[in-house]
Structure formats: structure tokens, C-alpha cells
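Structure, as C-alpha cells:
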Amino acid sequence: MKDTSIAGIGEFSGKTVTLEGWLYNRRGSKKLQFLQIRDGSGTIQAVVALADVGEELFELASGLNQEASLRVTGEVKPDDRAPSGFEMLVSGIELVADSVDYPISPKDHGVDFLLENRHLWLRSSKQHALMRIRGTLISALREFFDKEGYLLVDAPIFTPSSVEGTTTLFEVEYFGDKAYLTQSGQLYMEAAAAAHGKVYCFGPTFRAEKSKTRRHLTEFWMLEPEIAFANLDDVMEIQEQMLEFVTAKVLAKHRDELERVLERDCTPLEKVKAPFPRVHYDEAIAMLKEKGQDLEWGGDFGGEDETILTKAFDRPIFVHRFPAAIKAFYMAPDPEDLKYSLSVDCLAPEGYGEIIGGGQRADNLEYLQERIAEHNLPSGPYEWYLDLRRYGSFPHAGFGIGIERTLAWLTGRQHIRECIPFPRLMHRIQP
RNA sequence: UCCUCGGUAGCUCAAUUGGCAGAGCAUGCGGCUGUUAACCGCAGGGUUGUAGGUUCAAGUCCUACCCGGGGAGCCA
């Protein structure tokens, strides 16, 4: 392994270095070849001149296939014509391994073909940028909670029962019993919050819903904080601080990739500053009716409703106090009016819609028992959860932020399937 | 599960009223010393998703099925 990376190539201006990577693209003539080399950290153009390298090496260069792996040696030179400001004057090439008939050409491809070749598609520039920004988003989220004194507590993937009782779960055989893949770590975070005060989990979650939309995956990643003695207002404040923090981190580190590679206009992201507008459910209903949407009090919002709501504001918004009847059993009732719940969704702007769901949890034992019965949930699996209300119950609140939906918004993607390395969709589990 | 759109060369797509199945990219060969998804010339490449039907003639019309996209519901 060499120490030199393309991202840091500027340090070696005027010096001769060896790069290890892959041939991204090649063009040229009988006497001059332009090799686009990528090494994961970046890309650089390597120029091979027949007059400099001789016939044998030039012939090797002009026969190189797309995605062949290489060691390329040459002098690093500043060049105004290069996007990165530098290019390499090649003096030596070692073909590490050839790449014959690489399926993904630099021209257009359809979604189905690209997903079939997801293992190779990841090498493309847009997909490369998306994965880099995903990495930054995740580390920025974790940095935010770590610096605020939260403890990372891992939730289990196998669960004995549904968290919310509504969505369809993936069932697995568990030593002769049934178990399910988790749809949320929240209930476990409530237990952890009683032990540590401020906690969060980060991991994959699974939903067996037969959803075929640009907003759904069957396997997606979620970060779920839970905070003891917090209320609804507290979690809204935490959410807006968190989004302001991670958006600034992503902009600081990836503005060039966002604008140049992903063609994302960054001006809407610069407006992601606290406070975010807080819209009561009733206000949201009134706004939507005014815009001509046909809907009644008591229902949830559809994709089009969310689009209309978010386009009325220039930054993410909170919609709070949904009717208790359409929210999960563990949501706390609004003491001001019991038909509302102390719930909140955060909707991303520009039509992206819900990226965070959460709220204050019910801390009254009898209320929870009634709600579990109302939802026709088996009481047995929830006894441990009810213990949290039997032994020092405490007001607490939390939320879950969807990584892929947040990334799709930040990067301006149309579909969240590009926002996870290997998407799992209703009709796709390969590669 | 429902609504809707689609399936033609390795890839992206075209094919008029039912009338010889085509182009770009990729690949191969040739040309070009500054290309930026390079360009120019030539060549090879097809069981039009599957099965049936109508017709002198079906990529095109009809029936059934298979596969996929987008959306609804559900949610992050």
C-alpha cells in the first residue's frame, strides 16, 4: 500500500509519486492518452505522452480497459484545466488486474440495470459522493449526541414482538419460536434512559410493508435518542439543534461534491437554522384545506399533503400534536386536550417530507395498559415495558431520524434507494 | 392488495395508419499531440418479456400470464 492519495496530491506538486487505483475513463489519440484515475479518495487525470514514455508503455496505456486496477507513477503538476487543479505526467504504469467488458459505461443507464449492478455502481462519481456524505451525516449525528452527553446504547435486532403493533414485521424462526426483526429500538431506549438519562441507539430497522415508493426501504438505518425528564418542547429543540449541526457539517465538508457532482443547490441548506416553525396539527389541516386538499380532521397526511406543507416554509418544520387515535400506543396524551397526543413529526423542506418522528411518551401505567388493550396488542410481551412505569416512572421523550430520508433531502436525491449502499426493496434483495 | 406506466442489440432509446427492426453509447479495427460523458470513419451485434389468437403481413391489434418502475395504504 502506498501512502499517497489523490485527495492529498497537492502536497506532492512537482514530485514524482505512485498512485494505486482504478481507471475511471480514458480518451486520447495515437500520441497522447488521458487516463482518469480514481483511488477512492478522488480522481486525477494522468497524461501519457508517446514522446515521453516510449512505444511499449504507450501501447499499454492506450489499451487499458475501464476499471482496470493500476499503479501509476508520474510527476504531479499543477494545471488550470484540471478540476482538482493537478494532473499527473505519467512515467510508469503497472497493470495490477484487467477489467474486461465493465458493464457500466459513462452513458445513461436505467434504474433497474444500475441496481442489478449496485456492487459496481458504487464506484460511479455520484454514488461515491453520496456514500461519503452518508458517512459524514452519520458521524456528525453521533458527534452531536456524544458532545451533548448522550450514551450510545445498542438495541437488539431480534425482538419478541412488535413495537408499534401496526406495521408488518419480518418473521424469523428462533429456536422453534417466532421472533421478529426490529422495527425500532425505542422501547429499549426508554429502559436505557432510566439507567443513563440521555441515550441513543443507531442501527438497522426492518419493515415488511409492501411499499413501492421513493421514500421506502424494507431495511433502513435510524438513530433514536431518548431523554429522561424531557417533554415535547424539549425534543423539538433538540431536533432543530441537531439538524442545524449536521447540515453545517455536511456543507462544510462536501459543498463541492454537492454542487459539482450531485448538482445540489445548497442555498436551501444554508437556511437550516433554529428555530424551525412549529405547526399544530389543526393548523396544518387548515392550511391544507385552504390549498384545496380534500381531507378531514383525524387523518394522517399523505405524501402530497406533506409536500404542500413543506413548500410553504423555507426550512424544516415541526407538525405536532397529532390525534392520539392515529399514533402509536406509547404516545403521551396532551393534558390540554386528551384527543391529541404529544407527538411531533419533522418534515424536510423542498417537498421531501417526514424525516423524523417522535414525541413524549406516556408515563402513566393505567393509561398505557388501556392503550395496549385498545390496540389489541398481547399484554405479555409488554410487561417489562410496563415495569418502567411501575418502578419510578418518569416523563421522557425521544425520536427517530431516518438516515436515508435525511440524506436524500440533504443531497437532493429523488429516491432513497441511492442513499444506502445496498438497498433492500420489496422486489430486490440482490446484490 | 389496489391504481397507473413500461418490457425492442451488452446499455439508453426510436420504429408514422399493421407493411424490409434502426440510432447513440459500449465492443473490434483504422485516424487524430490537450481530451473533459472527447471526436471522425468502418465493422460485428436481434427468438422485440412468455404463451396463444386475429391478419396476406404483428414490435405495433386482442387474450392470459411473467417481470419491473411510479403512486396509494403504512411509515423513517
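Numbered from 1 within each chain, the chains take letters A, B, ... in sequence-line order.
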- Task: Spell out, as yes or no, whether a donor-acceptor pair under 3.5 Å connects the side chain of Tyr385(A) to the backbone of Glu190(A).
- Result: no
- Query: Which parts of residues 352-363 of chain A get close to RNA chain B, meaning a heavy atom less than 4.0 angstrom away?
  - Reply: Glu354(A), Ile355(A), Ile356(A), Gly357(A)
- Nearest-angstrom distance, P atom, U4(B) to G10(B): 32 Å
- pair Asp234(A)-Ile227(A): side-chain heavy atoms closer than 4.5 Å: no
- Message: Within the structure provided, determine whether Val47(A) and Lys77(A) are in side-chain contact (heavy-atom separation under 4.5 Å).
- Response: no
- Task: Give a yes or no on whether a donor-acceptor pair under 3.5 Å exists between the nucleobase atoms of C74(B), that is its base, and the side chain of His216(A).
- Result: yes
- Query: Mind checking whether Phe329(A) and Tyr382(A) have ring centres under 6.0 Å apart?
  - Reply: yes
- Message: With a 4.0 Å limit, can you tell me whether Lys212(A) has a side-chain N or O closer than that to the phosphate oxygens OP1/OP2 of G71(B)?
- Response: no
- Message: Say we look at U54(B) and A72(B): how far apart would their P atoms be, to the nearest angstrom?
- Response: 43 Å
- Of the candidates G34(B), U33(B), A76(B), the side chain of Leu217(A) sits closest to A76(B)
- Item | Check: Ser29(A) side chain, G34(B) base, donor-acceptor under 3.5 Å | no
- Message: Can you tell me if Phe34(A) is stacked onto the base of G34(B), using a 5.5 Å centroid cut-off and an angle below 30°?
- Response: no
- Note on the structure: The contact string for nucleotides 6-12 of chain B, one letter per nucleotide 5' to 3', using protein heavy atoms under 4.0 Å with B, S and - for base, sugar-phosphate only and none, comes out as -----SS
- Message: Whether the side chain of Arg27(A) and the base of C32(B) hold a donor-acceptor pair under 3.5 Å is what I'd like checked.
- Response: no
- Message: Please give the distance between the C1' atoms of G68(B) and U50(B) as a whole number of Å.
- Response: 15 Å
Could you pull out all donor-acceptor pairs under 3.5 Å where a side-chain atom in residues 300-307 of chain A meets a protein atom, sequence neighbours excluded?
| unit_1 | atom_1 | unit_2 | atom_2 | d |
| --- | --- | --- | --- | --- |
| Asp305(A) | OD1 | Gln293(A) | NE2 | 2.8 |
| Asp305(A) | OD2 | Gly302(A) | N | 2.8 |
| Glu306(A) | OE1 | Glu354(A) | N | 3.1 |
| Thr307(A) | OG1 | Gly303(A) | O | 3.0 |

- Nearest-angstrom distance, P atom, G19(B) to A15(B): 12 Å
- Query: Between the base of C75(B) and the side chain of Ser211(A), is there any donor-acceptor pair under 3.5 Å?
  - Reply: no
- Assign Asn25(A) to base, sugar-phosphate, or nothing according to its heavy-atom contacts below 4.0 angstrom with the strands shown. sugar-phosphate
- Message: On the side chain of Glu87(A), is there an atom forming a donor-acceptor pair with the base of G34(B) - under 3.5 Å, no angle test?
- Response: yes
- Message: Show, in sequence, the C-alpha distance, side-chain angles and deciding distance for Tyr188(A) and Trp384(A), and conclude whether the ring-ring contact (aromatic ring centres under 6.0 Å, His included) test is met.
- Response: CA-CA 10 Å; Tyr188(A) 299 95; Trp384(A) 70 264; 4.9 Å; yes
- Determine the Euclidean distance between corresponding P atoms of U27(B) and G53(B); express it in Å to zero decimal places. 43 Å
- Using the C1' atom in both, what is the distance from U1(B) to U63(B), to the nearest Å? 24 Å
- Query: Going by atom types alone, do Tyr330(A) and Gln186(A) pair a side-chain donor with an acceptor below 3.5 Å?
  - Reply: yes
- Message: Using the C1' atom as the point on both nucleotides, what is the distance between C13(B) and G7(B), in whole Å?
- Response: 13 Å
- Query: If you check the Met222(A) side chain, which of A76(B), U1(B), U35(B) turns out closest?
  - Reply: A76(B)
- Message: Suppose we call two aromatic rings close when their centres sit under 6.0 Å apart. Are Trp297(A) and Tyr340(A) close by that rule?
- Response: yes
- Query: Do the non-hydrogen side-chain atoms of Arg405(A) and Tyr352(A) ever get within less than 4.5 Å of each other?
  - Reply: no
- Item | Minimal non-hydrogen separation, Ala68(A) against Ser99(A), with atom names | N-CB, 3.5 Å
- Query: Can you tell which of G73(B), G34(B), A76(B) lies closest to the side chain of Arg207(A)?
  - Reply: A76(B)
- Given C67(B), is OP1 or OP2 found less than 4.0 Å from the side-chain N or O atoms of Arg428(A)? no
- Message: Using a 4.0 Å heavy-atom cut-off, does Gln45(A) contact any base of the nucleic acid, only the sugar-phosphate backbone, or nothing at all?
- Response: base
- Query: Is any side-chain nitrogen or oxygen of Arg215(A) closer than 4.0 Å to OP1 or OP2 of A72(B)?
  - Reply: yes
- Of G68(B), G71(B), U27(B), the nucleotide closest to the side chain of Asp101(A) is U27(B)
- Message: In whole Å, measure the gap between the P atoms of G24(B) and G49(B) for me.
- Response: 23 Å
- Of the candidate nucleotides G70(B), G34(B), C32(B), which contains the atom at the shortest distance from the side chain of Lys30(A)? C32(B)
- Message: Test your reading of the model: is there a side-chain donor-acceptor pair from Thr73(A) to the backbone of Ser91(A), 3.5 Å cut-off?
- Response: no
- Interatomic distance, His415(A) NE2 vs G69(B) P [rounded to whole Å]: 8 Å
- Message: Let me spell it out: for each of Ile416(A) and His427(A), pick the nucleotide of RNA chain B with the closest heavy atom. Which residue's pick is nearer the 5' end?
- Response: His427(A)
